[in-house]
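Input: a single structure, listed below in structure tokens.
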Amino acid sequence: MSRRTLIAGNWKMNTTLDDARDLAWAVAEATEDVEVDVVVIPPACFLVPVAEALAGSHVTIGAQNLHAEDKGAFTGEVSGPMLASAGCAWVLCGHSERRHIFGETNELVGDKVAAAHRAGLTPILCVGETLDQRDDGVTEVVVKAQVETGLAKIDAGAVERTVIAYEPVWAIGTGRTATPEQAQAVHAFIRGLLRETYGDGVADAVRIQYGGSVKPDNATQLMSQEDVDGALVGGASLKAEDFAAIVRA
Ligand code: 13P
């Protein structure tokens, strides 16, 4: 079954306001004629100006994180309804940097996925093993727990409208990419999990992105794998021409 390719650029904690606007414009211009879904994920404080810069273009906007509650006394946090009203369509949940630097658990990530759906956002549930876990042979155990608990608080209809991003931690920002075969093996495993729990309709509809040192020169091979439906790009998304080259791959 064919799933529309989804390429998202996670800018992480980079850019100033002027950089963010310029990068957004450049991405929109450089990817104008492509038949894939293109998403940029700027820092939270630049969501509104980037949404304004991209108004009327084909590029949609995501956020890097959200709080699990919809509102309240949570100083410094940003909620799903805020993101939706700022022009976001997507939100990352459980990025490995949130899990490993900020201590987010599978349970909290599951609450965030549910919060995203409540706000009408499409969550991109990020999963992936560390190098030690891969070396210990527990990649599937780790990813299974991340996927199952990450989706535990939503129903099958919402699962179908969720994106999963497989980002092996050892490949993020290291220049060390998973081979296309390694990526495909974990993507197929994730789709198999979805098939067991939710059936063919959901399993065949959910898009599974690969992330971790995706660059213009490795994107084509990764994207050609059967269960790889797009990419979540970090470093290379900060250069419009590199990001556009990945979109074209
Ligand atoms: P890099 O592409 O810089 O490895 O980052 C991947 C990532 O974490 C995207 O969310």
Side-chain angles (χ1 to χ4, degrees), residues 5-15 19-20 23 27 31 36-44 46-47 50 59-66 83 88-102 104 109 112-113 116 121-131 133-134 139 142-143 146-147 150 162-180 182-183 186-187 190 207-223 225 228-249:
T5 301
L6 173 64
I7 309 288
N10 174 10
W11 298 356
K12 307 192 181 184
M13 198 173 73
N14 294 294
T15 70
D19 298 336
L23 182 54
V27 166
T31 61
V36 308
D37 290 338
V38 181
V39 179
V40 293
I41 308 181
F46 302 144
L47 287 168
V50 167
V59 180
T60 55
I61 297 161
Q64 298 176 12
N65 182 34
L66 82 171
L83 296 176
C88 279
W90 315 82
V91 60
L92 301 181
C93 296
H95 188 278
S96 78
E97 286 145 22
R98 301 293 322 167
R99 293 176 186 269
H100 296 287
I101 304 172
F102 301 102
E104 293 194 4
V109 173
K112 292 187 173 200
V113 167
L121 301 165
T122 300
I124 300 176
L125 168 62
C126 304
V127 302
E129 80 289 1
T130 63
L131 188 56
Q133 289 166 335
R134 174 161 283 262
T139 295
V142 169
V143 169
Q146 291 171 332
V147 170
T162 298
V163 173
I164 296 178
Y166 170 58
E167 299 201 298
V169 179
W170 47 271
I172 295 178
T174 58
R176 184 177 162 192
T177 321
T179 65
Q182 285 173 323
V186 180
H187 283 232
I190 293 170
R207 290 187 283 186
I208 308 176
Q209 297 178 298
Y210 170 80
S213 298
V214 177
K215 307 285 177 211
D217 62 1
N218 59 31
T220 306
Q221 271 207 310
L222 286 160
M223 297 307 117
Q225 301 298 307
V228 178
D229 307 314
L232 181 54
V233 185
S237 73
L238 294 170
K239 282 203 192 126
E241 61 271 31
D242 286 356
F243 187 61
I246 292 168
V247 167
R248 282 169 204 292

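On a predicted model such as this, the values are computed, not experimentally measured, just so you know. The first residue in the sequence is number 1, and the count goes up from there. Just follow the structure's listing: the first ligand is 1, and inside any ligand the first atom is 1. Computation of the quantities below employed the complete heavy-atom set of this structure, encompassing side-chain atoms and omitting hydrogens, waters and symmetry-equivalent molecules.
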Below 3.5 Å only, please: the N or O atoms of ligand 1 paired with protein N or O atoms, distance on each line.
from, atom 1, to, atom 2, distance (Å)
ligand 1, 2 (O), Ser213, N, 3.4
ligand 1, 2 (O), Gly234, N, 2.9
ligand 1, 3 (O), Gly235, N, 2.8
ligand 1, 4 (O), Gly173, N, 2.6
ligand 1, 4 (O), Ser213, N, 2.8
ligand 1, 5 (O), Lys12, NZ, 3.3
ligand 1, 8 (O), Lys12, NZ, 2.8
ligand 1, 8 (O), His95, NE2, 2.8
ligand 1, 10 (O), Asn10, ND2, 3.1
ligand 1, 10 (O), His95, NE2, 2.9
ligand 1, 10 (O), Glu167, OE1, 3.3
ligand 1, 10 (O), Glu167, OE2, 3.0

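Applying the salt bridge (Lys or Arg N to Asp or Glu O under 4.0 Å) test to residues at least two apart or on different chains, the pairs with a partner in residues 236-249 are Asp33-Arg248.
The aromatic rings of Tyr210 and His187 lie tilted to each other, with the angle between the two planes from 30° to 60°.
The side chain to side chain donor-acceptor pair (under 3.5 Å) test with Asn65 singles out one residue from His95, Lys112, Glu97, and that residue is Lys112.
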Could you please spell out the steps behind the side-chain contact (heavy atoms from CB on, under 4.5 Å) verdict for Met223 and Val36?
CA-CA 12 Å; Met223 297 307 117; Val36 308; over 6 Å; no
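Contact annotation: the side chain of Met13 never approaches that of Pro43 to less than 4.5 Å [non-hydrogen atoms, C-beta and beyond].
Taken from CG in Leu92 to CG in Asn10, the straight-line distance is 5.0 Å, to the nearest 0.5 Å.
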